[in-house]
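Here is the structure we will look at.
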Amino acid sequence: MADEEEDVPFEEDAEDAGGGLDGGQGRRKRLFSKELRCMMYGFGDDQNPYTESVDILEDLVIEFITEMTHKAMSIGRQGRVQVEDIVFLIRKDPRKFARVKDLLTMNEELKRARKAFDEANYGS
Amino acid sequence: MADPARDALGAAAAVPEPPPAAASPPEAAAAETAGDGEVREAGGGSELKAEVADGEVRSAEGEAADAEEPGLQAGAARKVKLELKERKEKKQKVDEDEIQKMQILVSSFSEEQLNRYEMYRRSAFPKAAIKRLIQSITGTSVSQNVVIAMSGISKVFVGEVVEEALDVCEKWGELPPLQPKHMREAVRRLKARGQIPNSKYKKIIFH
């Protein structure tokens with residue numbers, strides 16, 4: 001089983017490089033192949049993950065984002081996606097909630113730092 | 001494996017240390033600009049800001065509260081203020097300890113571990129693609145914060161799936177690289193725990 005799967009990834013890579021002519025289940029072009037590979041390595045997988053695993057993950061991520069977007073559209077202000085809605089949806093999951101809080105805080109600090117830096121430059 | 005939720009820095013790029021914030025209350029400014037200040041508890045928000053603004057925010061807060069409440073309430077208000085101060089100081093100290101421990105840990109990594117850690121911190125979803133994807137679903141434009149939040153959550157999601165798949169792989173006595181069967185079993189387990197959103201089936205509450 002492992003031997004079969006080691007040969008197939010090479011063929012799959014050639015197909016993907018050609019632009020995904022016969023995508024099979026992935027009807028659209030692969031959006032996150034490169035980034036997902038780095039991410040999987042970072043989270044503990046092998047340095048060269050299998051292409052099929054990367055494909056499965058990409059489908060999962062797209063489905064996740066789609067679900068979250070649909071849910072966010074149905075709460076708060078209808079038809080729009082706002083940060084408050086995302087934070088509300090995520091409230092039960094401690095990891096994701098903490099991560100979103102951190103990211104948004106960091107973003108604010110960076111914006112403030114950049115603004116202060118620009119004002120300092122303008123003043124002097 | 002370091003829990004991504006505990007990371008102080010963002011994963012998008014190497015983040016430079018921000019300079020100390022001005023003494024003017026950053027909490028008010030942040031609440032206006034952040035927009036999700038309504039969601040965060042006031043205590044939680046001020047705790048985060050304290051990391052950046054050192055003692056300046058706390059003394060400004062203290063003076064304001066002192067000036068306002070005379071009489072009996074002053075005693076109780078002062079006690080609450082002291083507790084808040086202590087909690088903020090403790091949280092600051094805990095964060096500093098944590099940062100130090102992380103530095104010691106990272107300095108003792110082997111080269112392979114350093115590579116992996118760098119990939120873990122630096123890998124991120126491209127903001128443009130995520131924005132395009134969300135906009136194609138909503139049909140309207142979305143703000144930058146939404147894209148930032150969504151990419152962040154998606155990365156955590158990938159982490160959860162990969163970690164679960166590695167558990168499955170180890171449990172079945174096999175080695176990485178991860179195979180699709182591990183991924184699918186991981187997804188099945190996460191679904192059972194309710195960590196994968198699925199709004200395709202109507203929940204029947206009273207059967």
Side-chain angles (χ1 to χ4, degrees), chain A residues 1-2 5 31-32 35-36 38-50 52-53 56-57 60-62 64-71 73 79-84 86-90 93-113 116-117, chain B residues 1 3-5 7-10 15 18-19 21-22 30 33-36 38-40 48 52 116 119-121 123-126 129-130 133-134 137-138 140 142-143 145-146 148-150 152-159 161-163 166 176-180 183-184 187 195-199:
Chain A
M1 189 69 151
E5 302 217 358
L31 294 171
F32 308 128
E35 293 87 6
L36 267 178
C38 297
M39 236 181 255
M40 287 174 79
Y41 176 50
F43 280 118
D45 198 358
D46 193 71
Q47 202 158 11
N48 294 318
Y50 286 137
E52 296 93 337
S53 309
I56 292 184
L57 253 186
L60 278 170
V61 169
I62 293 187
F64 176 77
I65 295 182
T66 308
E67 285 284 316
M68 291 295 297
T69 309
H70 278 302
K71 280 191 184 167
M73 282 205 287
R80 298 187 71 106
V81 180
Q82 295 175 309
V83 200
E84 296 88 351
I86 299 184
V87 176
F88 176 75
L89 289 172
I90 267 317
D93 188 331
R95 261 185 191 170
K96 298 195 182 96
F97 185 66
R99 182 61 176 164
V100 174
K101 264 175 43 170
D102 278 348
L103 281 174
L104 293 173
T105 312
M106 269 288 132
N107 191 38
E108 289 307 312
E109 284 178 14
L110 279 173
K111 275 205 280 193
R112 245 182 285 142
F117 181 70
Chain B
M1 178 138 307
D3 194 342
D7 273 350
L9 299 177
V15 177
T33 51
D36 56 356
E38 311 140 15
V39 185
R40 275 187 259 147
L48 290 167
V52 182
R116 202 184 282 273
M119 275 298 118
Y120 162 68
R121 292 291 291 251
S123 63
F125 288 114
I130 301 274
L133 178 59
I134 300 182
I137 302 175
T138 67
T140 67
V142 291
S143 73
N145 276 353
V146 169
I148 293 177
M150 197 61 94
I153 309 179
S154 309
K155 181 168 174 184
V156 177
F157 175 70
V158 169
V161 175
V162 172
E163 286 183 359
L166 284 167
L178 292 170
Q179 299 168 32
M183 313 290 291
R184 282 190 218 107
V187 171
Q195 285 187 287
I196 299 202
N198 178 21
S199 53

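It should be emphasised that the depicted structure is a prediction, and the values quoted were computed from it without experimental measurement. Every chain is numbered from 1 and lettered A, B, ... according to where its sequence line falls, protein lines coming before strand lines.
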Sort B:V162 into side chain, backbone, both or neither according to what part of it lies under 4.5 angstrom from a heavy atom of chain A. side chain
Please state whether the side chain, the backbone, both or neither of B:I153 comes within less than 4.5 Å of a heavy atom of chain A. both
Max heavy-atom pairs within cutoff under 4.5 Å with chain A, candidates B:V158, B:T140, B:V142, goes to B:V158
Heavy-atom check, side chain of B:M150 versus side chain of A:T69, under 4.5 Å: yes
Measure A:M73 against the heavy atoms of chain B and call it side chain, backbone, both or neither at under 4.5 Å. side chain
For chain B, find which of A:L31, A:I65, A:D93, A:T66 contributes the most heavy-atom pairs closer than 4.5 angstrom. A:I65
Gap between atom CG of A:L57 and atom CZ of B:F157 - 0.5 Å precision: 8.0 Å
Measure distances from A:I56 to the heavy atoms of chain B and classify the residue's part below 4.5 Å as side chain, backbone, both or neither. side chain
Could you tell me the separation between the CD atom of A:E52 and the CE atom of B:M183, rounded to the nearest 0.5 Å? 11.0 Å
So what's closer than 4.5 Å to chain B heavy atoms on A:Y41: side chain, backbone, both or neither? both
A:I90 versus chain B, the contacting section by heavy-atom distance below 4.5 Å: side chain
Before accepting this row, confirm whether a basic side-chain N of the pair A:E109/A:R112 lies closer than 4.0 Å to the acidic partner's carboxylate O. no
4.5 Å side-chain heavy-atom contact, B:N145 and B:I148: yes
Any luck finding a side-chain donor-acceptor pair between B:S199 and A:E67 under 3.5 Å? yes
Honestly, the part of A:D45 sitting under 4.5 Å from a heavy atom of chain B is both
Quiz item: cation-pi between A:K71 and A:F88, 6.0 Å / 45°: no
